[in-house]
Amino acid sequence: MASTKAAIRYAKAILDLSNSKGISESVNNDMKLIASTINGNLELNTFIQNPTIKVEVKESALLEVFATVDNVTKGLLHLLFENKRFEILGAIAVKYSELFDIMNNVEVAKVTTAIAMDAALEAKVLAKIATLSDKKITIENIVDPAIIGGFILRIGDQQYNASVANRLQVLKRELRIKEG
């Protein structure tokens, strides 16, 4: 819990700094890169979380891995080196992106489908979602073959389940009620 609060504080500070320099979007791209790299690479995540590895080694490795990032992002890496807090880097990156989206009135719509959405289907879903929300919408497609077909749409705390698996569950419940 304490690391989550710390991650939020770091993310807010970096957002304020990058906003004042007019580079918040560039830093957001860096944070998305960092989050996806750390979450997608078990070895890197383990390396960052390992308390026996010296922070100097972690800083030099991360500066090498993320050599193309903005100077503000490199400054964050150095600050985490000074404070010995590299283990919360992934959480900081995620929180930064969330705060950036809130600041820019952007909402993420998570669409779960059995197969990956193509560009045409994504455009149709985006057009439909735009009628439901006054915010700018970005789509995150989650592929889950267990839903069999259809889709599950989640925007904020609202969810619409139009999956085949859900329809089968509803039908199963109705049959049990009639049998009972």
If I take atom CD1 from residue I129 and atom NZ from residue K135, how far apart are they, to the nearest 0.5 angstrom? 13.5 Å
Can you hop from L121 to I142 via hydrophobic side chains spaced under 4.5 Å? no
Which atom names give the shortest non-hydrogen contact between N45 and I38, and what distance separates them? CB-O, 3.6 Å
Would you mind reporting whether V57 and K54 have side-chain heavy atoms less than 4.5 Å apart? yes
Hey, is the main chain of Q49 close enough, under 3.5 Å, to the side chain of E87 for a donor-acceptor pair? no
Locate the shortest heavy-atom distance separating K32 from S97; write the atom from each residue and the value. CG-OG, 3.6 Å
Which pair of non-hydrogen atoms, one from A7 and one from I92, has the smallest distance, and what is that distance? CA-CG1, 3.7 Å
For atom CD1 of I115, is the number of surrounding heavy atoms from other residues, nucleotides or ligands below 6.0 Å larger than 12? no
Set out, in order, the CA-CA distance, both residues' side-chain angles and the distance that settles side chain to side chain contact (heavy atoms under 4.5 Å, CB included) for Y96 and Y10, then state yes or no. CA-CA 8 Å; Y96 180 96; Y10 277 100; over 6 Å; no
Quick one: does S26's side chain have a donor or acceptor within less than 3.5 Å of a partner on I23's backbone? no
How long is the straight-line distance from CE of M31 back to CG of N28, given to the nearest 0.5 Å? 8.5 Å
Between S24 and F100, is any pair of side-chain heavy atoms under 4.5 Å apart? yes
Could you tell me if the side chain of Q159 sits less than 4.5 Å from the side chain of L153, heavy atoms only? no
Evaluate the side chain to side chain contact (heavy atoms under 4.5 Å, CB included) criterion for residues D30 and L33: first the C-alpha distance (whole Å), next the side-chain angles of each, then the deciding distance (0.1 Å), finally the verdict. CA-CA 5 Å; D30 293 346; L33 172 69; 5.5 Å; no
Is F151 linked to I148 within one hydrophobic cluster, defined over Ile, Leu, Val, Met, Phe, Trp and Tyr using a side-chain heavy-atom separation of less than 4.5 Å? no
Atom pair CG/CD of N161 and Q169 - distance to nearest 0.5 Å: 10.0 Å
According to a 4.5 Å side-chain heavy-atom criterion applied to Ile, Leu, Val, Met, Phe, Trp and Tyr, with indirect links allowed, do F81 and F47 form part of one hydrophobic cluster? yes
Ignoring hydrogens and geometry, is there a side-chain-to-backbone donor-acceptor pair from N83 to R85 under 3.5 Å? no
Interatomic distance, N29 atom CG to D70 atom CG [nearest 0.5 angstrom]: 10.0 Å
Exceeds 12 heavy-atom contacts within 6.0 angstrom, atom CD of Q158: no
Side chains of I48 and L62: closer than 4.5 Å at any heavy-atom pair? yes
Show the nearest heavy-atom pair for residues E43 and N41, with the distance to one decimal. N-OD1, 3.1 Å
Are I137 and Y160 linked, directly or through other ILVMFWY residues, by side chains that come within less than 4.5 angstrom of each other? yes
L89 versus I34: any side-chain heavy-atom pair under 4.5 Å? yes
Rounded distance [0.5 Å steps], CG in L77 versus CD in E59: 7.5 Å
Evaluate the criterion salt bridge (charged side-chain N to carboxylate O under 4.0 Å, His left out) for residue pair K58 and E56; output intermediate values, then yes/no. CA-CA 5 Å; K58 289 180 183 181; E56 294 85 4; over 6 Å; no
Quick one: closest heavy-atom pair of A114 and V143, and the distance? O-CG1, 3.4 Å
Do E82 and V55 have side chains that approach each other closer than 4.5 Å (heavy atoms only, starting at C-beta)? no
In sequence, state the C-alpha distance, the side-chain angles, and the governing distance for T138 and V106, and then conclude on side chain to side chain contact (heavy atoms under 4.5 Å, CB included). CA-CA 7 Å; T138 58; V106 173; 3.9 Å; yes
The reported gap from NZ in K21 to CG in D16 (rounded to nearest 0.5 angstrom) is 13.0 Å
Salt bridge (charged side-chain N to carboxylate O under 4.0 Å, His left out) pairs touching residues 88-106, sequence neighbours excluded, are K95-E98
If Ile, Leu, Val, Met, Phe, Trp and Tyr residues are connected whenever their side-chain heavy atoms lie under 4.5 Å apart, and connections chain through other members, are F66 and I88 in the same group? yes
Could you go through the side chain to side chain contact (heavy atoms under 4.5 Å, CB included) check for V170 and R173 one step at a time? CA-CA 5 Å; V170 170; R173 274 186 247 131; 4.2 Å; yes
Is there a side-chain contact between V27 and L15, using heavy atoms and a 4.5 Å cut-off? no
Would you indicate whether the side-chain heavy atoms of V72 and L76 approach each other to under 4.5 Å? no
Shortest non-hydrogen contact from V164 toward G150: CG2-N, 4.2 Å
Please, which pairs that meet side chain to side chain donor-acceptor pair (under 3.5 Å) have at least one residue in residues 103-125, sequence neighbours excluded? T113-N141
